[in-house]
Amino acid sequence: MGKVVLVTGVARQLGGRFVRRVQHDPGVDRVIAVDAVAPEHDLGDARFVRADIRQSALARILAEHAVDTVVHLDVSGKALGAGGRTTVKETNVIGTMQLLGACQKSPSVRRLVVKSSTSVYGSASRDPAVFTETTPPKSLPSGGFAKDAVEVEGYVRGFARRRPDVAVCVLRFANILGPRPDSPLADYLALPVLPTVFGYDPRLQFVHEDDVVDVLGIAAGEPRRGTLNSGTFNIAGDGVLLLSQCSRRLGKPTVPVPLPAVTWVGSALRTIGMTDFSPEQIRLLTHGRVVSTVQMRETLGFRPAFTTAETFAEYARSHGPGLLPPQTVGRAVDRLAELPLPGGAGPRERGAGAVETTDGAR
């Protein structure tokens, strides 16, 4: 008898892709796909069960199908359909509590995989250059999806203590991008003009949708020789990009906004429904965030197929050109960089913290 895998959040593209992938693994016998919303995409041979994880039906589902592996993907920063922030928070936090309670009572459950986010580290001016899995945040997230992720991980740690016989894997994903991303940051990058925080050029990391599906498969399976897929792991593509590099590669102009006015701009964008420019996203676009992926490679044994730059290139190609050709934007920025600074100083030199990629973009 093969494994029985239950996957939550299958109405989202990422959940649907993982369901279609995992059912082809030779060790998997059945896949139970759970969501409160019927998916619009194909789930292959998986059995779809329409259930709200905020309710108590999960215990019955786990027992009825003798589920031994649970992959919890219904943790997101963006609502499906007409749901708002309240619905998202309830699904993230209360839904996770209900799911963990059901898993705790189920004697058949032997493995739990939880989708989390590097946003648990927050974004602050005193942050270290690189976060490891054990680095405590300088400033805990005070709201939004980042706070949800912190609470979710706290409940997962409690579950791991109560059920030491269950292998628990928490994957902290960097910003997920690709041809069909579904995140507030992707909505921000889709704006025709990108509002930025005046005086700041944050470092960003991305992980490709394909790599997300692949690493979920590794986490849900038996550990390969010489690896361990239990614990907490940062998941991101190699390298970093500055926000200015992202805007140039998209061919989109930026509008620097003084920090005190950014909150007002974010509220205006939320009001007209263009993007969820939340306080946590404002902090990310101010201070950035970079995480170490050493444990991902050496312990989990996963090497992403896409770097951060390649992931962003895939996103840029799938969304077409911006208002300005990227080459034109690049040449204009280069010419500005060569202008002398006020007071007779020479051209601005690259600072010690600047990031340079293989194609020479600044």
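Model, not experiment: these values are computed from the prediction.
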Do you know which two heavy atoms are closest between [X] and [Y], and how far apart they sit?
| X | Y | result |
| --- | --- | --- |
| S244 | D201 | OG-OD2, 2.6 Å |
| N234 | S292 | ND2-O, 3.0 Å |
| T308 | Q205 | OG1-CA, 3.9 Å |
| K105 | P107 | O-CD, 3.3 Å |
| N229 | C169 | O-CB, 3.2 Å |
| S139 | A124 | CB-CB, 4.1 Å |

Examine [X] and [Y] and state if one hydrophobic cluster contains both, with Ile, Leu, Val, Met, Phe, Trp and Tyr joined whenever side-chain heavy atoms are less than 4.5 Å apart.
| X | Y | value |
| --- | --- | --- |
| I282 | V193 | yes |
| V213 | I218 | yes |
| I53 | V109 | yes |
| L284 | V120 | no |
| L100 | V150 | no |

Please determine whether the number of non-hydrogen atoms from other residues, nucleotides or ligands lying under 6.0 Å from atom [atom1] of [X] exceeds 12.
| X | atom1 | answer |
| --- | --- | --- |
| K89 | NZ | yes |
| R162 | CZ | yes |
| E40 | CD | no |
| D45 | CG | no |

When rounded to the nearest 0.5 angstrom, what distance separates [atom1] in [X] from [atom2] in [Y]?
| X | Y | atom1 | atom2 | result |
| --- | --- | --- | --- | --- |
| L43 | H41 | CG | NE2 | 5.0 Å |
| R248 | L243 | CZ | CG | 12.0 Å |
| F145 | S117 | CZ | OG | 4.5 Å |
| S125 | D127 | OG | CG | 7.5 Å |
| S183 | R12 | OG | CZ | 10.5 Å |
| D35 | F48 | CG | CZ | 6.0 Å |

Given the rule in the side chain to side chain contact (heavy atoms under 4.5 Å, CB included) test, do S119 and Q281 qualify, once you have shown the distances and angles that lead to the verdict? CA-CA 9 Å; S119 64; Q281 186 159 302; over 6 Å; no
Determine, stepwise, if the pair F18 / L216 fulfils side chain to side chain contact (heavy atoms under 4.5 Å, CB included). CA-CA 8 Å; F18 177 70; L216 285 170; 3.6 Å; yes
Check step by step if side chain to side chain contact (heavy atoms under 4.5 Å, CB included) holds for Y121 and V291. CA-CA 9 Å; Y121 300 114; V291 299; 3.7 Å; yes
Does a side-chain heavy-atom distance below 4.5 Å link [X] with [Y]?
| X | Y | result |
| --- | --- | --- |
| C103 | R163 | no |
| Q23 | R30 | no |
| V215 | F173 | yes |
| R17 | D210 | yes |
| V212 | V207 | yes |
| L242 | R203 | yes |
| V71 | T8 | no |
| T87 | R54 | yes |

Indicate whether the side chain of [X] and that of [Y] have a donor and an acceptor atom separated by less than 3.5 Å.
| X | Y | value |
| --- | --- | --- |
| T91 | D74 | no |
| E153 | S116 | yes |
| T135 | T132 | yes |

Taking ring-ring contact (aromatic ring centres under 6.0 Å, His included) as the test, write out the residues that go with F302, two or more places apart. none
Residue set satisfying ring-ring contact (aromatic ring centres under 6.0 Å, His included) with H208, at least two apart, ordered chain then number -> F306
H287 vs Y200 aromatic rings, parallel, tilted or perpendicular, using cut-offs 30° and 60°? perpendicular
Among L228, V294, L171, T293, whose side-chain contact (heavy atoms from CB on, under 4.5 Å) with F233 holds? L171
Let me know which of I176, N175, L177 forms a side-chain contact (heavy atoms from CB on, under 4.5 Å) with L185. N175
Does a salt bridge link [X] with [Y], judged by any charged N lying under 4.0 Å from a carboxylate O?
| X | Y | value |
| --- | --- | --- |
| K3 | D25 | no |
| R317 | E314 | yes |
| R111 | D68 | no |
| R297 | D238 | yes |

Measure from the side-chain N and O atoms of [X] to the backbone N and O of [Y], and report whether any donor-acceptor pair falls under 3.5 Å.
| X | Y | result |
| --- | --- | --- |
| K138 | R126 | no |
| S106 | A102 | no |
| Q295 | L300 | no |
| R50 | V37 | no |
| D211 | A305 | yes |

Just do the side chain to side chain contact (heavy atoms under 4.5 Å, CB included) check on T96 and H72 with the steps written out, would you? CA-CA 8 Å; T96 299; H72 183 32; 2.9 Å; yes
Quick one: side-chain hydrogen bond (donor to acceptor under 3.5 Å, both in side chains) partners of E298, sequence neighbours excluded? none
Side chain to side chain donor-acceptor pair (under 3.5 Å) between R289 and S123, intermediate numbers included: CA-CA 6 Å; R289 185 189 307 118; S123 293; 3.1 Å; yes
